[in-house]
Amino acid sequence: MNITVNGEDRRVGPGTTLAELVEQVAGSGRGTAAAVDGTVVPRGGWPAERLRDGVVVELVTAVQGG
Amino acid sequence: MALTIAGTELASRLILGTGGAPSLRVLDEAIAASGTSMCTVAMRRLDPGTSGSVLDTLDRHGVRVLPNTAGCRTAREAVLTARLAREALSTDWIKLEVVADERTLLPDGPELLEAAAQLVADGFTVLPYTNDDPVLARRLQQAGCAAVMPLGSPIGSGLGIGNPHNIELIVAEARVPVILDAGIGTASDAALAMELGCAAVLLASAVTRAQDPARMAAAMAAAVHAGWLARGAGRIPKRSQAEASSPRHGMAVL
């Protein structure tokens, strides 16, 4: 299925969870946060969050700033 | 000379922004020279190609991480960014920034106040970057903010403190720490902020974009300390005419 991750199209297997996606993109996921369709998903909820076709995922982390 | 925000003690009254440093190595040296206890970071899309994390640098120094909502233009964006930061960094402290436009980067008062109220209700410790407006500062305190952080002048401008009287007015009625945030250009600006009664100074560009960031960081640390001492010491009143410090009596007749 096709989803959008940080503004880019990405193909993932059916039933992929948010935890699996974060691991693919970010490795350990330390210092990473995720929002699915504009709603923040707490880390504890990542394994249970099955991504649906067409969802928009934002993965963010801390960078130099402020 | 510790600073207390929301019951948490910070050893240094200099808060360092990490933006603008040309490399993590330069940032590392600046943090060490500043003696800071807390550094800000921004939240941005994950870039798997990036090597080295600012978080590793901050961890090494044992400083507290203060995420910001830089770049947000609406209360909605800022609240979402704060929630992402809380998840990513396991802190409910947030430097709340909601700016009106890219040219001035001045805070958008109504959006800022709305975001502050929502975040306080959501359990955040909110440190809002605000205008040097005593009335807006009062409203932010009433909304439950843990500090107020008025600008000295626009972000990155290095113009210093444009309206010291307003900063004094904000300090005079504040029940939470007032932190001078933005506009500091050099050490005397930081000292003035503290002399005006601010509890701390938050700066980034003045150090990270200085020719010698570590040296400027040391200068800022000294200036904040000097200003804090001077404020506590009670300066003499300004007079329009001279007042001799040597005795008038007992002069030899020559």
Side-chain angles (χ1 to χ4, degrees), chain A, chain B residues 15-24 26-27 38-48 50 52-59 65-71 76-77 79-91 94-97 122 127 129 149 155 181-182 202-205 208:
Chain A
M1 60 185 185
N2 293 306
I3 62 174
T4 304
V5 180
N6 287 352
E8 291 185 3
D9 296 335
R10 189 180 181 96
R11 267 191 95 75
V12 294
T16 298
T17 66
L18 183 56
E20 289 161 352
L21 176 71
V22 172
E23 198 185 335
Q24 286 172 24
V25 177
S28 72
R30 174 181 172 267
T32 302
V36 177
D37 286 340
T39 301
V40 179
V41 181
R43 182 173 300 260
W46 291 357
E49 180 79 18
R50 293 202 178 278
L51 301 172
R52 297 175 318 280
D53 191 42
V55 291
V56 174
V57 180
E58 291 285 334
L59 300 178
V60 301
T61 191
V63 299
Q64 283 177 239
Chain B
I15 302 167
L16 194 64
T18 60
S23 70
L24 289 176
V26 169
L27 179 64
M38 184 158 74
C39 289
T40 66
V41 294
M43 302 306 297
R44 290 294 178 267
R45 282 175 166 172
L46 193 74
D47 178 1
T50 307
S53 164
V54 65
L55 293 177
D56 295 334
T57 304
L58 301 186
D59 280 355
V65 179
L66 177 63
N68 69 26
T69 63
R76 184 188 153 275
E77 273 183 302
V79 167
L80 266 174
T81 302
R83 288 179 179 151
L84 285 166
R86 178 165 65 182
E87 287 302 319
L89 304 174
S90 304
T91 175
I94 190 76
K95 176 187 167 181
L96 179 62
E97 291 183 46
D122 198 7
L127 287 70
Y129 163 63
M149 307 206 296
I155 292 172
D181 181 3
L202 196 167
L203 55 87
S205 307
T208 59

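These numbers come from the heavy atoms of this one structure, side chains and all, not from hydrogens, waters or symmetry mates. Letters A, B, ... are given to chains in the order of the sequence lines, protein chains preceding strands, and every chain is numbered from 1. Fair warning: this is a prediction, and the values are worked out from it, not measured in the lab.
Only the side chain of B:L27 comes within contact range of chain A, with at least one heavy atom under 4.5 Å from a heavy atom of that chain. Of the two parts of B:V41, the backbone and the side chain both hold a non-hydrogen atom closer than 4.5 Å to a non-hydrogen atom of chain A. With a threshold of 4.5 angstrom between heavy atoms, B:L80 approaches chain A through its backbone and through its side chain. Interface residue B:A21: backbone and side-chain heavy atoms are both found under 4.5 Å from chain A.
Side chain of B:T40 to backbone of A:G65: a donor-acceptor contact under 3.5 angstrom is found. B:E87 places a side-chain N or O within donor-acceptor distance of the main-chain N or O of A:R43, the cut-off being under 3.5 Å.
By number of non-hydrogen pairs under 4.5 angstrom with chain A, the leading residue of B:G17, B:G19, B:A42 is B:A42. Contact tally against chain A (heavy-atom pairs below 4.5 Å) for B:L203, B:L46, B:V65, B:T208: the top residue is B:L46. The candidate from A:N6, A:V60, A:V40 with the greatest count of non-hydrogen atom pairs under 4.5 Å with chain B is A:N6. Note on B:L16, B:L84, B:V54, B:N68: by heavy-atom pairs under 4.5 Å with chain A, the leading option is B:L84.
Between atom CD of residue A:Q64 and atom SG of residue B:C39 there is a gap of 10.5 Å, rounded to the nearest 0.5 Å. Here the CG atom belonging to A:L59 is positioned 9.5 Å from the CZ atom belonging to B:R45, to the nearest 0.5 angstrom.
In the displayed structure, B:R76 atom CZ is contacted under 6.0 Å by at most 12 heavy atoms of other residues, nucleotides or ligands.
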